[in-house]
Number of protein chains: 2
Amino acid sequence: MATIRDVAQRAGVSVATVSRVLNQNGYVNQDTEARVMKVIKELDYRPNTVARSLANRKTGTIALILPTIMNPFFSELSRAVEDSARSRGFTVIFCNSDDLDTREQTYIDVLRQKYIDGIIFASSSLGEEDLAVINENGIPLVVLDRALREGNCSVIRSKNAEGARKAVHHLLATGCRKVAHIAGPQELITAQERLRGYRDVVKDLDWFEESLILPGQFSITGGKGAVQALVEAHPDVDGIFAGNDLMAIGALKALHRMGIKVPEEVSLCGFDGIGATEWTEPELTTVAQLIYEMGARAALHLIDRVQGYTDQVEDLELDVHLIERGSTRRRKY
Amino acid sequence: MATIRDVAQRAGVSVATVSRVLNQNGYVNQDTEARVMKVIKELDYRPNTVARSLANRKTGTIALILPTIMNPFFSELSRAVEDSARSRGFTVIFCNSDDLDTREQTYIDVLRQKYIDGIIFASSSLGEEDLAVINENGIPLVVLDRALREGNCSVIRSKNAEGARKAVHHLLATGCRKVAHIAGPQELITAQERLRGYRDVVKDLDWFEESLILPGQFSITGGKGAVQALVEAHPDVDGIFAGNDLMAIGALKALHRMGIKVPEEVSLCGFDGIGATEWTEPELTTVAQLIYEMGARAALHLIDRVQGYTDQVEDLELDVHLIERGSTRRRKY
DNA sequence: TTGAAAGCGCTAACAC
DNA sequence: GTGTTAGCGCTTTCAA
């Protein structure tokens with residue numbers, strides 16, 4: 001593979017000149033440039049990115065750390081990140097953390113040794129202190145779905161509490177008289193906020209009790225389990241707000257298995273807006289996040305910072321909207 | 001961030017020595033080593049991977065090129081690849097090609113400039129010539145789901161035709177008298193093979209006609225569309241073998257919408273074995289591939305080759321097995 | 001067992 | 001406008 005030296009030699013110029021035409025900076029004579037370009041073509045020369053990275057400490061690579069790509073939410077998110085990165089000539093490394101902090105820690109170590117230009121952090125077990133470490137290393141960071149006190153990194157999230165309120169209001173509006181909540185793991189801020197939104201709406205209603213809140217791990221099986229426990233404890237429940245779509249899908253399965261009709265006997269609403277909510281029967285009402293936009297914004301903003309186009313850290317809260325589908329399509333009042 | 005020089009200086013040795021203890025090669029005195037190690041700890045020194053890569057032309061990074069991560073099949077596959085890579089200290093770059101050959105071409109260019117150690121190619125629009133180019137560049141390659149004449153790269157695939165035969169036999173065994181096939185895009189070898197498997201079984205049956213084969217793009221909407229066309233042309237169809245699970249899900253939706261009962265009136269079988277086949281109602285019978293194993297094998301084998309543990313190219317054909325579920329659970333004969 | 005020094009391929013300050 | 005050259009941080013001969 002040809003090097004910059006080969007090009008320089010053959011074009012009868014110095015490597016500096018070649019470098020200049022490559023990077024379009026500094027003055028260079030039109031003729032010289034043309035000659036160099038010609039040689040580049042002839043030799044099918046491609047600059048060696050690694051050497052470049054070593055020289056200027058930029059790799060053109062960002063990393064995306066997420067819990068697991070198996071969750072469709074993160075599939076879509078990472079698709080957005082990769083599309084956006086590609087559009088800016090960046091490459092993305094992807095990391096499944098399973099929300100394990102040791103793993104996240106290891107990744108960060110590896111990534112900084114690799115001169116990764118920036119990190120999008122969509123996994124949340126790492127404490128602020130650890131994130132601070134990344135910042136000290138001067139590596140730009142965008143975190144998803146967190147609220148950070150310390151201001152040195154950008155945050156993008158959805159209006160979780162508001163979305164949850166929309167969901168519960170909708171369930172009530174369609175006639176539910178007792179609405180339960182299947183909650184995600186409370187270590188996660190998204191799960192907390194959605195629970196809070198649920199509480200906001202129901203806390204003063206006379207039928208509300210704490211036992212209407214069940215843990216569901218943000219997973220299909222978690223959703224199933226929660227429904228089983230729920231129906232046993234509260235046979236009169238007629239509305240369920242699941243903290244994410246996977247749990248809603250699990251809930252739907254469990255209800256079906258127990259012979260409980262959705263939406264006739266129990267209305268069901270999820271959160272996230274993953275494509276699979278349209279795969280079930282009935283289709284699932286859900287509070288949709290702007291998943292793709294979230295990923296795209298995160299990536300583009302990160303790259304802006306990497307490239308020094310901005311040094312503003314961003315704190316964005318994206319809208320959510322209720323998509324009404326069969327799982328809540330009942331009588332209206 | 002400390003460099004190898006800092007360590008050398010502080011430990012009172014040369015950088016060469018530090019390098020030796022780092023890489024555990026060459027002779028180095030026990031005491032010296034201890035001293036160096038101590039300094040490394042003190043300085044919290046981490047070797048710079050980029051510099052290392054430049055020096056020895058290995059980056060510890062592999063790339064995974066796939067059509068799109070939004071297809072759950074590839075989510076699981078990439079999860080396997082990343083897990084396996086991580087277990088060997090490798091990092092993975094991921095690329096959504098949308099099966100666009102220009103995009104694949106671009107990726108390959110970028111990747112080789114980045115000194116990527118190896119590529120797993122799960123997207124198949126690129127011709128063999130292009131793949132040959134990669135080989136000439138000496139970069140190890142594992143392709144998924146192809147049959148290549150030219151032997152310089154490893155191939156891993158599933159027994160697609162056999163799986164298809166299993167599917168159709170199963171449909172017939174459960175009482176279907178007229179089985180249609182929703183086929184994937186015929187540029188893809190997997191789609192071809194599954195169609196071939198279908199043909200193998202039905203070609204001599206008296207009810208068979210070409211119009212029982214419908215294109216479905218390997219997508220949900222494709223599956224829906226195919227079913228609509230199918231029911232119109234062949235109202236008496238009572239079995240459908242979809243070339244992948246997404247199409248099967250789409251088919252199920254369409255059948256439901258048309259008021260056709262599954263499995264009572266039409267039995268339905270998919271292919272792939274993605275998790276979502278358990279999310280529908282009824283759950284989908286499917287020919288399951290060993291998706292995770294496929295990804296894991298690909299990654300581990302690739303890394304073996306990168307590290308020179310083997311120079312054998314591999315040609316593996318993984319088993320598939322039928323998972324019988326509600327969508328075909330009818331009378332048996 | 002250790003060190004000096006020549007790369008790996010490119011960038012960028014500095015000189016002409 | 002263009003060339004020289006000193007890095008970027010590490011590996012690896014080759015001598016000592």
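First the proteins, then the strands, lettered A, B, ... as listed; each starts at 1. Because the structure is predicted, anything quoted here is derived from the model rather than measured.
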Original post:
In whole Å, what is the span from the CG atom of Asn25(A) to the P atom of dG1(D)?
Top reply: 15 Å

Original post:
Which is it for Asp98(B) and Arg103(B) under the salt bridge (Lys or Arg N to Asp or Glu O under 4.0 Å) test, yes or no, and what are the steps along the way?
Top reply: CA-CA 8 Å; Asp98(B) 289 322; Arg103(B) 188 122 103 223; 2.4 Å; yes

Subject >> Closest listed nucleotide, where the reference is the side chain of Thr17(B) and the choices are dG3(C), dC10(D), dC8(D) >> reply: dG3(C)

Original post:
Side chain of Ala16(B): nearest nucleotide among dT12(D), dG9(D), dT11(C)?
Top reply: dT12(D)

Original post:
Do Arg20(B) and dG3(C) have a side chain to base donor-acceptor pair shorter than 3.5 Å?
Top reply: yes

**OP:** Using whole Å, report how far CD1 of Ile4(A) lies from P of dT5(D).
**Re:** 16 Å

**OP:** Go through the steps for Asn96(B) and Phe94(B) under the test side chain to side chain contact (heavy atoms under 4.5 Å, CB included), then give the verdict.
**Re:** CA-CA 7 Å; Asn96(B) 296 281; Phe94(B) 96 115; 3.7 Å; yes

Original post:
For the pair made of CG in Leu22(A) and C1' in dC10(C), what is the distance, rounded to whole Å?
Top reply: 9 Å

Subject >> Below 4.0 Å: OP1/OP2 of dC8(D) and any side-chain N or O of Asn56(A) >> reply: no

**OP:** On DNA chain D, check which nucleotide each of Gly26(A) and Val18(B) is closest to and give me the residue with the more 5' one.
**Re:** Gly26(A)

Original post:
Does Arg57(A) put a side-chain nitrogen or oxygen below 4.0 Å from OP1 or OP2 of dG9(D)?
Top reply: yes

Original post:
Side-chain N or O of Tyr45(B) less than 4.0 angstrom from OP1 or OP2 on dC10(D)?
Top reply: yes

Subject >> Proximal nucleotide (of dC10(C), dG7(C), dA12(C)) relative to the Val15(A) side chain >> reply: dA12(C)

**OP:** Inspect the contact between Arg305(B) and Asp311(B) and indicate whether a charged nitrogen and a carboxylate oxygen are less than 4.0 angstrom apart.
**Re:** no

Original post:
Choosing from dT2(C), dA12(C), dT11(D), which nucleotide comes nearest the side chain of Arg52(B)?
Top reply: dT11(D)

Original post:
What is the nucleic acid contact for Thr32(A), judged by heavy atoms within less than 4.0 Å: base, sugar-phosphate only, or nothing?
Top reply: sugar-phosphate

Original post:
When rounded to the nearest 0.5 angstrom, what is the spacing between CE in Met1(A) and CG in Leu43(A)?
Top reply: 11.5 Å

Original post:
Below 4.0 angstrom from OP1 or OP2 of dT4(D), is there any side-chain N or O of Ser14(A)?
Top reply: no

Original post:
Taking the side chain of Val13(B) as heavy atoms from C-beta outward, which of dG3(C), dC8(C), dT12(D) is closest to it?
Top reply: dG3(C)

**OP:** Tell me which nucleotide among dC10(D), dT2(D), dG9(C) gets nearest to the side chain of Val28(A).
**Re:** dT2(D)

Original post:
Can Ile291(B) and Met294(B) be said to form a side chain to side chain contact (heavy atoms under 4.5 Å, CB included), step by step?
Top reply: CA-CA 5 Å; Ile291(B) 309 179; Met294(B) 193 168 199; 5.6 Å; no

Original post:
When you match Pro47(B) and Gly12(A) each to their closest nucleotide on DNA chain D, which lands nearer the 5' end?
Top reply: Gly12(A)

Original post:
Is any side-chain nitrogen or oxygen of Asn48(B) closer than 4.0 Å to OP1 or OP2 of dC8(D)?
Top reply: no

Original post:
Rounded to whole angstrom units, what separation is found between the NZ atom of Lys58(B) and the C1' atom of dC10(D)?
Top reply: 16 Å

**OP:** Kindly say if Thr3(A) contacts the phosphate of dG9(C), meaning a side-chain N or O under 4.0 Å from OP1 or OP2.
**Re:** no

Original post:
Could you give the CG-to-P distance, from Asn29(A) to dC16(C), as a whole number of Å?
Top reply: 22 Å

**OP:** Could you state the atom-to-atom distance from CZ of Arg5(A) to C1' of dG3(D) in whole Å?
**Re:** 12 Å

Original post:
Nearest-Å distance, CG (Asp6(B)) to P (dC10(D))?
Top reply: 9 Å

Original post:
Could you state the CD-C1' distance from Gln113(A) to dC8(D), rounded to the nearest angstrom?
Top reply: 16 Å

**OP:** For the pair Ser154(B) and Glu314(B), evaluate side chain to side chain donor-acceptor pair (under 3.5 Å) and give the outcome as yes or no after the intermediate values.
**Re:** CA-CA 5 Å; Ser154(B) 300; Glu314(B) 183 162 273; 6.0 Å; no

